[in-house]
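To keep things clear, I will list the structure first and then write my remarks on it.
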Amino acid sequence: MDIKITQVESGKLKPKPADESNLGFGDILTDHMFTMKYEKSKGWFNPRIGPYENISIDPAAMAIHYGQEIFEGLKAYRAKDGGIYLFRPKDNFERFNRSAIRVCMAEVDIDTAMKGMKELILLDRDWVPRSPGTSLYIRPTMIATEPHLGVRPANEYLFFIIIGPVGAYYKEGLNPVKIYVEDFYVRAAQGGTGEAKTAGNYAASLLAAEKAKEKGFTQVLWLDARERKYVEEVGTMNMFFVIGNEVITAPLSGSILSGITRDSVMKIVKDWGIKVSERPVSIDEVIKAAEDGSLKEAFGTGTAAVISPVGQITYMGEDHIISEGKMGDLSQRLYNEIISIQYQEKADPYGWTERID
Ligand SMILES: *Cc1c(COP(=O)(O)O)cnc(C)c1O
């Protein structure tokens, strides 16, 4: 499919942020966006790049009432040579389509969606920041637009991609976070939608996260919905524990998101000759290991932070300090490895990165 491009007139372009040390996350968006429409009888049509602007939808649009919304999050990185690189982008679009299937939305044509994303980035290429640790965040999204108030899958969808520069996640070194083990609220149950990147999961997580923040925690560590026994994931990150010589992460049982950073970490750790297990890990095992000293490190993984070291974990009112509240060696090594692959500071042995300009 050919992508029609309508550029913003040069006099009407937005001013670019002057200070790359203050980009933050999610407030600054570029001049253009990619959109594509779907109707059941026609399939996908009208892929176009145009000015970043408000979208107009019917108040009865089904996304608003019944939550048919899915999204993705990935980044474009500016290497030292000025080139713009993506990290495992196809995995994001394949996951997007798995999310679509779970909430009965139309699957996108991955080639067109990826082509649209790349052309959009190239059109707005001057927005890709250059300072260390900064990147261009990419948000592919789909909403049900059909106006209809009966509950059923919609027959019309809008797919769009918006992009914007984001700051370095860590400004003053990689500060370990404090996490609160949530033993009352749950994010997702097996058989539910936890493995899809769909809006409702995030709405479901907000209350527990707000309460934990009030108590001084950065994140909530979710336990399984049935028994509140097994560790699932954290906020928008998958979770890893280093117990003895084993690196452990929860299996993809249906209630957790299949993180691309999670997968990258598992491959790298395996290549380093370290034992990595995808297996159920109970909170009791983690706490016991914290108490007897065999819990060496704990960290979250996700596109935003890459590796987020955990320095304290609080369960049933008791605080447990992990690796003396500092970043562990493996966490640091993994962070350096992934960052250097993403920013092309070292050769990418996995074929994960792709230059687009
Ligand atoms: C996006 C997300 C992750 C991390 O996935 P990555 O592909 O590594 O960015 C983990 N958990 C949840 C709930 C998420 O939404």
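Computation of the quantities below employed the complete heavy-atom set of this structure, encompassing side-chain atoms and omitting hydrogens, waters and symmetry-equivalent molecules. Just so you know, ligand 1 is whichever comes first in the structure, and atom 1 is the first atom listed for that ligand.
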Practice problem: Provide the number and element of each atom of ligand 1 under 4.0 Å from a heavy atom of Gly259. | Solution: 5 (O), 6 (P), 7 (O), 8 (O)

Quiz item: Is the closest side-chain heavy-atom distance between Ser255 and Asp224 below 4.5 Å?
Solution: no

Practice problem: Can you measure from CE (Met117) to CZ (Phe34) and round to the nearest 0.5 angstrom? | Solution: 10.5 Å

Quiz item: So, is Arg262 polar-close to ligand 1, with some N/O to N/O distance under 3.5 Å?
Solution: no

Quiz item: Short N/O distance, under 3.5 Å, between Ile260 and ligand 1?
Solution: yes

Quiz item: Are Trp352 and Asp91 close enough that a side-chain donor and a side-chain acceptor fall under 3.5 Å?
Solution: no

Self-check item: Under-4.0 Å heavy-atom contact with ligand 1, by part of Met237 that carries it
Solution: backbone

Quiz item: Looking at ligand 1, does any of its N/O atoms fall within less than 3.5 Å of an N/O of Ser258?
Solution: no

Quiz item: For ligand 1, is Arg95 a contact, meaning one of its heavy atoms is under 4.0 Å away?
Solution: yes

Quiz item: Between Lys211 and Tyr185, do the side chains contain an N or O donor and an N or O acceptor separated by less than 3.5 Å?
Solution: yes

Quiz item: Phe240 versus Val269: any side-chain heavy-atom pair under 4.5 Å?
Solution: no

Practice problem: Rounded to the nearest 0.5 Å, what's the gap from CZ on Arg88 to CD1 on Ile341? Could you check? | Solution: 10.0 Å

Quiz item: For ligand 1, which atoms have a heavy atom of Tyr202 less than 4.0 angstrom away?
Solution: 13 (C), 14 (C), 15 (O)

Practice problem: Run the numbers for me: atoms of ligand 1, each under 4.0 Å from some heavy atom of Glu233, listed by number. | Solution: 10 (C), 11 (N), 12 (C), 13 (C)

Quiz item: For ligand 1, which atoms have a heavy atom of Asn238 less than 4.0 angstrom away?
Solution: 10 (C)

Exercise. Could you tell me the residue and atom name of the protein heavy atom closest to atom 9 (O) of ligand 1, and the distance to it rounded to 0.1 Å?
Key: Thr303 OG1, 2.6 Å

Quiz item: Any non-hydrogen atom of Gly235 lying under 4.0 Å from ligand 1?
Solution: yes

Practice problem: If you have a sec, work out which protein heavy atom is nearest atom 2 (C) of ligand 1 and how many Å separate them, to one decimal? | Solution: Lys197 NZ, 2.6 Å

Quiz item: What about Thr261: any of its N or O atoms under 3.5 Å from an N or O on ligand 1?
Solution: yes

Self-check item: Phe25 and Tyr137 aromatic centres sub-6.0 Å
Solution: yes

Quiz item: Closest non-hydrogen protein atom to atom 4 (C) of ligand 1, residue and atom name please, with distance?
Solution: Thr236 O, 3.5 Å

Self-check item: Tyr169 ring center within less than 6.0 Å of Tyr335 ring center
Solution: no

Exercise. Kindly identify the option in Arg187, Lys75, Glu232 whose heavy atom sits closest to atom 13 (C) of ligand 1.
Key: Arg187

Quiz item: Any donor-acceptor pair under 3.5 Å linking the side chain of Asp183 with the backbone of Tyr315?
Solution: no

Quiz item: Are the aromatic rings of Tyr77 and Tyr343 close, with centres under 6.0 Å apart?
Solution: yes

